[in-house]
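Remarks on the structure that follows.
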Amino acid sequence: MLLMLLATLFQTEAVAQSDEPIAQVIERGLQRATSQSLLLAQSLQDKQNALPRTFENGKVQTVRYDHWVSGFFPGLLWMLYENNGDEQFRRFAELYTDRVEPAKKLTNTHDLGFMLYCSFGQGYRLTANRHYLDVISEGTQSLLTRWNPKLGVIRSWDFGKQWQYPVIIDNMMNLEMLCFMTHQTSDRRYMKVAETHAQTTIRNHFREDYSTYHVVSYDTISGRPHAKNTAQGYADGSAWARGQAWGLYGYTMMYRETHNRRYLKQARRIASFLLNHPRLPADGVPYWDYDAPDIPNAKRDASAAAIMASALIELSQLDKSKMAAKWMALAQKQLRTLSSPEYLAEEGEQGGFVLKHSVGHMPEKHEVDVPLTYADYYYVEALMRLKSAYGLRLTAYGL
Ligand code: GLY
């Protein structure tokens, strides 16, 4: 009898959670992100050059400007400033954005879009600070040093002896900065590079089911792929969850930027693969790899869910077909799950990170089941996109 009563109570709790109005989920998530991020910003303000990466062994772990995740925390602070209009957030956003600036000179990585566009790009969008535009412009020139017109791709990594010219699906995310530069300068060269990279990637990265390889390496003589592998997934032929999310986000973004329907088609195909995947859990948060051998006991990756939710909300706004409602429904399910106690950190928990349970690099057993700064960034971006899709007032600007 007691067991039955408890079961009924738990069911009521579950229903109550799924019945929470979505506007309330959004506000609750943004409020928690706000208080957590303030804590984190305060804790690192006097630690020179430090930018947060994760929380492990009871401590906030940091990186410098030259790590691929350096731009996410400043970008998160800018989005929260946009939401709350609080000058304290603007000051912290400026402080942490400045820490990323030396990245504009890096030519040994493709991650400049992540580093500079998520930080300086968000800052420029909200303040029109001319210096931020100059930093993005210089960073874009650095990124273009990695462009190979013969292969039609931007090189991702300079390591890995087995690869002649490695390109990872994540690289789709760096194209937004190139599109932005064309819009700013009317110079079509940037957009052309972005479009060519996106089209080469459609040709070579995707399998028949529209899942994507993580790494494709090009033969620099023939121009054709000579290797298709994984680095962070379970196997070369598996569907690494974050990689699928980068692809979905990348092609949705490219459709927004270019109105080229080829990208819309690609985004829809990726979204359908994920939405209909038999191993996507009912709560919408993927396992770290859709082909992990220990499913259903495999670790979940909150970062993949957050990136996917943000992309699906945008896709639902751009796609005028009847599929739009499905994209939106899945995104909302994911955000409800991420905003539940299972994933959303308690006030003051985890050094100020927002989401729990992400996976950075499972094959290297690095950052397994931890908070990650980019999970927080895309979670907040998704909440902001949803808020805007519903026409809910953005506090700071009364939009
Ligand atoms: N760009 C690296 C990652 O997604 O882990």
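Atoms within each ligand, like the ligands themselves, are counted from 1 in listed order. Everything quoted here is computed from the prediction, not taken from an experiment.
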Could you list, one pair per line, each nitrogen or oxygen of ligand 1 together with any protein nitrogen or oxygen closer than 3.5 Å, giving atom names and the distance rounded to 0.1 Å?
from: ligand 1; atom 1: 1 (N); to: D170; atom 2: OD2; distance (Å): 2.7
from: ligand 1; atom 1: 4 (O); to: D170; atom 2: OD2; distance (Å): 3.3
from: ligand 1; atom 1: 4 (O); to: R242; atom 2: NE; distance (Å): 2.9
from: ligand 1; atom 1: 4 (O); to: W246; atom 2: NE1; distance (Å): 2.9
from: ligand 1; atom 1: 5 (O); to: Q232; atom 2: NE2; distance (Å): 2.7
from: ligand 1; atom 1: 5 (O); to: R242; atom 2: NE; distance (Å): 3.4
from: ligand 1; atom 1: 5 (O); to: R242; atom 2: NH2; distance (Å): 2.6

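Ring pair Y255/Y263: centre-to-centre distance not below 6.0 Å. Ring centers of F353 and F55: at least 6.0 Å apart, outside the cut-off.
In this structure, Y213 belongs to a hydrophobic cluster whose other members, linked by side-chain heavy atoms under 4.5 Å apart, are L151, V153, Y165, V167, V216, Y218. In the hydrophobic clustering (ILVMFWY side chains linked at under 4.5 Å, chained through shared members), F159 is joined by W157, W163, I168, V215.
Residues D283 and R336 are not paired through a salt bridge, judged by the lack of any N-O separation under 4.0 Å between the basic side chain and the carboxylate.
In this structure, the side-chain hydrogen bond (donor to acceptor under 3.5 Å, both in side chains) partners of S35, at least two apart in sequence or on a different chain, are E347.
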